[in-house]
Every structure is written in C-alpha cells, then in structure tokens.
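Bear in mind the structure is a predicted one, so any value in this text is a computation, not a measurement. No hydrogens, no waters, no symmetry mates; every other heavy atom, side chains included, goes into these values.
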Amino acid sequence: TNVFKGSSLKSVTFEEGSSLKVIGGGAFSGTKVVNMELPESVEKIGTGAFTNCTELESINLPESLTDIYGSAFLGCSSLKKLTIPSGTDIHPYDGSGRVIPMGALNGWVDYDDVELNFEEGSKYSVEGGLLYDGTTLLGPLHTDVEIAQVKDGTTTIADNAFYKCAELKSVTLPDSLETIGEYAFNQCTNLTDIDLKNVKVIGEFSFGKVGLKSITIPEGATTIAEGAFSLASDLTTIIIPSTVENIGDNAFKKSSDIPVTVVMTGTVPPETVGKNLFLTSGVAENVTFIVPAGSEQAYADNEQFKALLTGEDGSIKQDVTYEIGTEDEYSAEPGETLKIGLTVPSGMTYQLSFKGSDGSDVSVDSKYEGSLLSVTMPSESGKYTLSVAILDGNGSELLSKTSAVSVSHTVTKVEAKAPTCTSDGNIEFWHCTVCDKYFKDEGLTEEIKEEDTIIKATGHKYGEPVWSWNEDYSKATVIFT
C-alpha cells in the first residue's frame with residue numbers, strides 16, 4: 001500500500017513470469033508513470049492504486065484480474081482508454097467499506113474524451129451514458145448528466161448512483177425497478193419531479209436535498225428508509241400509500257417553513273413509524289395531514305402522528321379526513337343519478353371528469369352536498385369513464401379515483417302485430433322501461449316516438465252490392481264485394 005506514492009517514478013518493469021497478485025491501495029498514486037504493463041498474475045488492484053497519475057497514458061488489465069477497488073484511476077487525465085476483462089469486478093467500495101459513486105471508475109470515467117470498454121461476457125454494460133451491472137444501475141458516466149433514461153429490466157439503482165449530480169433534471173424509471181439505494185439521488189438539486197413507478201424500497205437519504213416539489217410513493221412500496229426525503233425542503237405534497245410498512249426517522253424532515261400537505265391512503269398507520277417524519281424544528285403548524293374517513297382515531301393513537309391530528313385538548317381536529325367513495329365499475333341507465341360518497345377537507349376542492357369512449361369530455365349534471373356527490377348519467381348509452389379528484393388549495397391534484405361506467409337501457413322487445421279492421425297493430429320495436437324511450441332497432445341506435453310504433457286498424461271497406469232473390473222474389477240476399 002502506498003509503496004511508490006508521490007514519487008517521481010516514471011517506468012515500471014515486471015519480471016517475466018512474475019507471480020504478483022495484488023497492486024496495493026495507493027501503490028502508484030501521484031507518480032509519473034506513463035505506461036503500465038501488468039503481469040498476467042495480477043488479481044486485485046486496490047483503492048486509489050493509480051490516483052492522480054496524470055501522465056499515465058496506457059495500462060493493460062490482464063485476464064487474471066478479478067477485482068478493482070474504488071477510485072483506482074481517479075485523476076488519470078491522460079489515460080484515454082480502459083478495457084475491463086470479462087471476469088473483473090469493479091467494486092463500488094474503497095478500502096474502508098465506504099461506497100464511492102461509480103466505484104473503481106470514479107474520477108476517471110467522468111472525463112469527456114475517454115473510452116470505456118468491457119470484454120465480451122462481462123456482466124457490465126453501458127447504455128445511454130449509464131453504467132450497469134446486470135440489472136443494477138451503477139450510475140452515469142458523467143456527473144453533469146441532465147437526463148437519464150433507465151433501461152427496462154433494471155431492478156436496482158445502486159447506492160450513491162447519482163450522488164451530487166446537480167445538473168440532473170429528468171429521470172425516467174422502468175416498471176421493473178424495485179429498489180433505490182442509499183444516497184442514490186442525494187443532492188440532485190435540479191431534480192424537481194420523478195415518477196417512482198413500481199418501486200418498493202426507497203433507501204436511506206436517497207432523495208435528501210433534492211429539488212422535488214411533490215412526491216407520490218407508489219402503491220406497492222413497503223419501505224421509506226431513514227432520511228429518504230430529508231431536507232428536500234421544496235416539497236409541498238407527499239402521498240403515502242396503504243402498502244408502506246416502515247417509515248424511518250426524519251424521512252421527510254424539512255429545513256424550511258414551506259407548508260406541506262401529507263396524504264395517507266391506508267386506513268391504518270404503517271407498522272413502524274420513525275420520529276420527526278415531516279416536522280421542521282419539531283413543530284407541526286405547517287403540515288396539513290389528512291387520512292381516510294374513519295381512520296382518524298387509528299392515526300391519532302400513533303405517537304408519531306398524534307400531534308398532526310389532535311388539538312391541545314387531545315381531541316381530533318376538524319377537516320383531517322377525506323373520502324372518494326367511487327366503485328371500480330358502474331352499470332347505469334340513461335338519466336339515472338349515481339350517488340358517490342365524497343369528503344373534501346376544508347380549503348380543498350373536488351374535480352369531476354366524465355369522458356366518452358373516445359376520450360372526449362361529456363357534459364353531465366352533478367351536485368355536491370354534504371358528503372354526497374350526485375352525478376346524472378347522459379341520455380345516450382355507451383361506455384364512459386368517470387374520475388373524481390381532490391385538489392389542494394393551489395388546484396393541484398392530490399388524489400383521484402377512476403371508474404368505468406356502462407350506460408345502457410333496460411329494454412323489452414315488442415313483437416310486430418298486424419292490425420285488424422277493428423284493432424290497431426304495431427311494428428317491431430324496443431322499449432326502455434326506465435327512461436320510457438322507444439327504439440326501432442335492437443342496437444338502440446334509432447330512437448322513435450311511441451306513436452311511430454302504431455299501425456292503425458284497417459277498418460271496414462264495402463264494395464258494390466250483389467243481390468240474389470228467391471223464386472217468388474219475396475226474399476233477397478245481398479253480398480258486398
């Protein structure tokens with residue numbers, strides 16, 4: 001370790017058949033070496049082994065090499081190309097176990113004019129400027145990255161992956177992603193929005209000091225670790241789903257007095273809840289905390305949520321609950337009125353959207369009174385989508401639920417009947433017993449009036465009389481033709 005560190009060494013020659021297995025940490029750090037031919041026996045290159053070898057232009061990495069540790073080539077500004085053998089691990093740790101962003105390539109791969117290659121069969125790959133270890137994203141090649149598109153199939157973002165990538169503005173995550181590691185996006189101050197898709201575990205301090213304005217933890221997530229969003233002081237909206245089981249200390253602790261609205265969607269609190277979740281200096285005045293209707297006592301009984309829900313006398317505050325009582329699907333008649341339970345906290349509003357199968361807006365009558373939203377179905381049958389949302393005081397959506405609505409008639413088919421001379425008949429038609437409408441076709445596309453179904457009685461029509469007399473002309477019979 002550090003055996004030649006800082007020396008004026010310019011050239012190194014290894015004996016033929018050398019059995020050297022380890023290049024120790026810092027071994028050639030700061031030397032003037034230009035070219036390095038490592039023997040085929042070398043298995044490990046230690047942390048910072050070639051750090052600040054600014055004149056190093058080339059180095060061969062033998063097939064025997066199994067491990068390269070953190071910052072091995074940091075500051076090697078003259079080294080323009082590295083080819084990593086297929087069986088070599090580029091570790092993310094330094095000698096003390098501390099995680100280093102990009103690990104062994106830290107401080108070298110960030111140069112604009114370098115070329116990084118991996119031999120065929122390597123578990124590592126580079127796509128879209130991002131380095132992967134199989135299904136794990138290790139990080140960007142350049143810390144000044146502005147846009148990151150994480151490839152499909154990625155399951156994990158490594159610890160420190162985008163640490164201090166202050167220029168990062170946009171990240172697109174795949175549906176496959178499950179885990180975000182510790183400090184993964186810490187201090188990405190220009191990252192103002194992110195869709196976490198199907199993430200289940202959010203690591204410690206992973207979004208600390210980011211620029212996020214709001215965050216929706218996805219349904220299915222189970223863990224929000226300690227400090228996960230701490231000092232993300234621009235946050236104004238936090239939505240936490242029913243599936244979260246563990247929230248660590250200081251998970252959303254702020255360093256500013258910007259008001260924040262916190263929405264819990266579960267009817268019971270998470271199993272484990274840490275301290276100082278949303279607070280600034282231990283106070284709750286700037287936190288609006290709302291929970292599903294009927295669950296307020298369960299949350300108030302939790303020591304970490306109690307101060308957010310109760311007043312000085314210990315009673316539960318007003319306007320701390322919400323409800324959107326829509327069902328997943330509705331079947332309704334034209335003109336029928338749906339009754340939907342809806343509770344909107346004070347200072348917030350609701351928004352109703354009703355759309356046709358083509359996505360166009362459909363006008364419907366609605367009325368919100370008390371805790372009930374009444375929505376009258378359109379007169380036309382068809383497939384519709386109904387959405388009800390609760391908006392915060394700024395008009396931003398906090399919660400929404402969408403329902404599929406099938407509007408159709410309850411019809412009775414009336415068979416055609418021929419008229420007689422004394423009785424009316426009718427055409428074949430269909431009659432809705434709810435809306436009292438009449439239709440000429442089974443598909444209910446051609447509406448008609450009731451009178452249009454009637455075929456009038458034919459009545460009596462008499463022709464010319466034909467008379468027949470008996471022999472003595474005393475009696476006559478008449479027939480009208």
Side-chain angles (χ1 to χ4, degrees), residues 214-220 236-244 259-269 287-300 305 308-311 315-357 359-408 434:
S214 65
I215 190 66
T216 298
I217 309 300
E219 194 72 25
T236 59
T237 304
I238 301 166
I239 300 176
I240 301 176
S242 60
T243 55
V244 170
V260 60
T261 298
V262 180
V263 181
M264 307 295 294
T265 68
T267 55
V268 294
V287 180
T288 299
F289 190 77
I290 60 174
V291 299
S295 67
E296 54 268 37
Q297 190 61 57
Y299 280 92
F305 295 126
L308 300 170
L309 285 167
T310 60
S315 62
I316 295 176
K317 299 175 184 178
Q318 297 293 317
D319 295 317
V320 296
T321 63
Y322 70 90
E323 178 189 16
I324 303 177
T326 54
E327 300 175 6
D328 292 336
E329 296 180 354
Y330 288 100
S331 293
E333 302 281 350
E336 182 181 349
T337 298
L338 299 183
K339 304 290 186 180
I340 300 169
L342 180 64
T343 300
V344 181
S346 177
M348 300 183 187
T349 57
Y350 80 94
Q351 184 177 70
L352 171 67
S353 169
F354 203 88
K355 294 182 179 294
S357 58
S360 61
D361 290 323
V362 176
S363 178
V364 292
D365 292 331
S366 65
K367 182 179 180 181
Y368 178 49
E369 190 171 39
S371 295
L372 198 65
L373 176 63
S374 301
V375 184
T376 302
M377 297 296 97
S379 59
E380 299 296 327
S381 61
K383 302 292 185 182
Y384 299 92
T385 300
L386 179 151
S387 298
V388 180
I390 293 177
L391 312 180
D392 65 16
N394 297 317
S396 298
E397 182 179 302
L398 290 176
L399 297 160
S400 68
K401 291 183 69 175
T402 299
S403 306
V405 181
S406 176
V407 177
S408 59
V434 176

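With sequence neighbours excluded, the residues that form a salt bridge (Lys or Arg N to Asp or Glu O under 4.0 Å) with Glu369 are Lys367. Applying the side chain to side chain contact (heavy atoms under 4.5 Å, CB included) criterion to Ser214, with sequence neighbours excluded, gives Thr237. For the side-chain hydrogen bond (donor to acceptor under 3.5 Å, both in side chains) test, residues two or more places apart in sequence or in another chain that qualify with Lys339 are Ser374. With sequence neighbours excluded, the residues forming a side chain to side chain contact (heavy atoms under 4.5 Å, CB included) with Thr326 are Ile324, Tyr330, Ile340, Leu386, Val388, Lys401, Ser403, listed by chain and number. The salt bridge (Lys or Arg N to Asp or Glu O under 4.0 Å) search around Asp328 returns none, not counting sequence neighbours. Considering only residues two or more places apart in sequence or on other chains, Gln297 meets the side-chain hydrogen bond (donor to acceptor under 3.5 Å, both in side chains) condition with Asp301. Shown here are the side chain to side chain contact (heavy atoms under 4.5 Å, CB included) partners of Thr376, two or more places apart in sequence or in another chain: Thr337, Asp365. Annotation: salt bridge (Lys or Arg N to Asp or Glu O under 4.0 Å) contacts of Lys383 (sequence neighbours excluded): none. The side chain to side chain contact (heavy atoms under 4.5 Å, CB included) search around Ser387 returns Ser353, Thr385, Thr402, not counting sequence neighbours. Every residue meeting the side-chain hydrogen bond (donor to acceptor under 3.5 Å, both in side chains) condition with Glu219, not counting sequence neighbours, appears here in chain and number order: Ser242. With sequence neighbours excluded, the residues forming a side-chain hydrogen bond (donor to acceptor under 3.5 Å, both in side chains) with Ser400 are Glu397, listed by chain and number.
The two residues Pro218 and Pro241 make their nearest non-hydrogen contact at O-CG, 3.2 Å. Heavy-atom minimum distance, Pro334 versus Ser379: CB-O, 3.4 Å. Taking each heavy atom of Ser408 and Ser381 in turn, the nearest pair found is CA-CB, 3.9 Å. The two residues Thr310 and Ala300 make their nearest non-hydrogen contact at CG2-CB, 4.0 Å.
We find the OG1-CD1 distance between Thr261 and Ile238 to be 9.0 Å, quoted to the nearest 0.5 Å. Distance check, rounded to the nearest 0.5 Å: CD of Gln318 to OG of Ser346 gives 10.0 Å. Considering CE of Met264 and OH of Tyr322, their distance stands at 9.0 Å, rounded to 0.5 Å. We find the CG-CG distance between Leu352 and Leu373 to be 6.0 Å, quoted to the nearest 0.5 Å. Note that CD1 of Ile239 and CG of Leu398 are 5.5 Å apart. Values are rounded to the nearest 0.5 Å. Between atom OH of residue Tyr350 and atom CG of residue Leu391 there is a gap of 10.5 Å, rounded to the nearest 0.5 Å.
Ring-plane geometry between Phe289 and Tyr299 is classed as perpendicular, the angle between the planes exceeding 60 degrees on a 0 to 90 degree scale with a lower cut at 30.
Distance alone, capped at 3.5 Å, is enough to place a donor-acceptor pair between the Asp392 side chain and the Asn394 backbone. With Glu380 contributing its side chain and Pro378 its backbone, the two residues share no donor-acceptor pair below 3.5 Å. Remark: side-chain polar atoms of Thr243 are paired, donor with acceptor, to backbone N or O of Gly220 under 3.5 angstrom.
Side chains of Val244 and Ile217 form a contact here, defined as non-hydrogen atoms less than 4.5 Å apart. Taking the side chain as every heavy atom from C-beta outward, Leu309 and Lys317 never approach each other to under 4.5 Å. In this structure, the side chains of Met377 and Leu338 come closer than 4.5 Å at one or more pairs of heavy atoms.
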Starting from the C-alpha separation in whole Å, work towards a yes-or-no answer on side chain to side chain contact (heavy atoms under 4.5 Å, CB included) for Glu329 and Val405. CA-CA 6 Å; Glu329 296 180 354; Val405 181; over 6 Å; no
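Evaluation of the ring pair (Phe, Tyr, Trp, His ring centres under 6.0 Å) test over residues 370-403, restricted to residues two or more places apart or in two chains, returns Phe354-Tyr384.
When each of Ile390, Thr321, Val263 is checked for a side chain to side chain contact (heavy atoms under 4.5 Å, CB included) with Ile290, only Val263 meets the rule.
Other residues, nucleotides and ligands place more than 12 heavy atoms under 6.0 Å from the CD atom of Glu336.
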